[in-house]
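Have a look at the structure below before the remarks.
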Protein chains: 2
Amino acid sequence: MDADHAVTALGALSHASRLAAYRSLVQAGEDGLSVGELRDQLELPPATLTAHLNVLRAAGLVSDERQGRVIRVRADYARMNALLAYLTENCCAGDACTPERGCAPKPTRRSKP
Amino acid sequence: MDADHAVTALGALSHASRLAAYRSLVQAGEDGLSVGELRDQLELPPATLTAHLNVLRAAGLVSDERQGRVIRVRADYARMNALLAYLTENCCAGDACTPERGCAPKPTRRSKP
DNA sequence: TCGATAATTCCAGAATTATGGAAGTGTGTC
DNA sequence: GACACACTTCCATAATTCTGGAATTATCGA
């Protein structure tokens, strides 16, 4: 994950409809959801939903697979984890903060020695 | 963290200059950086940097404190962790995925019983 | 082949966001 | 007070993103 990819992914998620769609997919797990199921949940016109899905696709946050007439969409967990890791990379000036543990710098450590 | 706050935070980070600024602050740790230090790193005109900082401030991702003539800016780790948690909330249909561990659903589990 | 269903692309007007020069607000120093 | 410095606000232009109707593509079943 480099800066450009991160910006693209964050931009893709920074819209109420797209974030809602993405979260539904994350919560749906590996089976994902069909575009129609997403449409029912979000109540968006088809063209609008497709436009949003295209943004998520371009960002690599979801993948899809045609199954007959329906297209099944899934969240890409690897990419999500890479994004989360990027945001916290080398955080807190080495003060024992990791993506696993969360970031919480020690309460006191001023610059003056 | 609700959907609106998450969208605002993600939107704030979805810009190359703001993401770079935020990551610098995350990596700087609790001491943060002054606006001038950020300006030197990012090489942006003052008005442009201020506009970006205002977006990060409005999203609650950074806080600042005036110290004499300089303004010191810090990343808000609590808010960052809340955002990361929101993205992975209830993920993977309960298949043992947590923000701590990352999301990696089991390879096979189709819907058909 | 024909019709129905699922989803997409095309397109253009509406809305939002980005950029940075010029002017303004605090703050410290002489 | 007068000046320099650090940063902000104001504002107008430019650039990007959003939205959804209409037309199009793809698949399935009869």
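In what follows, chains carry the letters A, B, and so on, assigned in the order in which the sequence lines appear, proteins first and then strands, with residues in each chain numbered from 1. Nothing here was measured: the structure is a model prediction, and the numbers come from that model.
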**Request:** Answer yes or no: does a side-chain N or O of B/Arg72 lie under 4.0 Å from OP1 or OP2 of D/dA6?
**Result:** no
**Prompt:** Does B/Tyr86 share a hydrophobic cluster with A/Tyr86, counting links as ILVMFWY side-chain heavy atoms below 4.5 Å and allowing steps through other members?
**Reply:** yes
**Message:** Let me check something: do B/Val55 and B/Leu42 share a hydrophobic cluster, defined by ILVMFWY side-chain heavy atoms less than 4.5 Å apart, either directly or through other members?
**Reply:** no
**Asked** Roughly how many Å is it from CG in B/Leu49 to P in C/dG20, rounded to a whole number?
**Response** 12 Å
**Prompt:** Is the shortest side-chain N to carboxylate O distance from B/Asp64 to B/Arg74 below 4.0 Å?
**Reply:** no
**Asked** Can you check the B/Arg66 CZ to D/dC5 P distance for me, whole Å?
**Response** 16 Å
**Message:** Using whole Å, what does the distance between atom P of nucleotide C/dA7 and atom CG of A/Leu38 come to?
**Reply:** 9 Å
**Prompt:** Transitively linked via ILVMFWY side-chain contacts under 4.5 Å: B/Ile71 with B/Leu49?
**Reply:** yes
**Request:** Take the protein atom CG of B/Asp64 and the nucleotide atom P of D/dA6, then report the distance between them rounded to whole Å.
**Result:** 17 Å
**Request:** Tell me which of A/Arg69 and A/Ala51 sits closer to the 5' end of DNA chain D, going by the nucleotide each one is nearest to.
**Result:** A/Ala51
**Item:** Minimal non-hydrogen separation, B/Glu43 against B/Asp40, with atom names
**Value:** CG-O, 3.5 Å
**Prompt:** Within less than 4.0 Å of OP1 or OP2 of D/dT19, is there a side-chain N or O belonging to A/Thr48?
**Reply:** no
**Complete:** Rounded to whole Å, CG of B/Leu53 lies from C1' of C/dT17 at a distance of 16 Å
**Item:** For atom CG of B/Leu33 and atom P of D/dA6, their distance in whole Å
**Value:** 16 Å
**Asked** Rounded to whole angstroms, how far apart are NE2 on B/His15 and P on C/dG20?
**Response** 10 Å
**Request:** Have a look at B/Pro45 and say if it touches a base, only the backbone sugar-phosphate, or nothing, with a 4.0 Å heavy-atom cut-off.
**Result:** sugar-phosphate
**Asked** Within this structure, what is the NE2-to-C1' distance between A/His52 and C/dT8, rounded to whole angstrom?
**Response** 15 Å
**Item:** Residue-phosphate contact under 4.0 Å: A/Asn54 side-chain N/O, C/dT9 OP1/OP2
**Value:** yes
**Minimum-distance nucleotide to B/Ala47 side chain [options: D/dC7, C/dA18, C/dG21]** = C/dG21
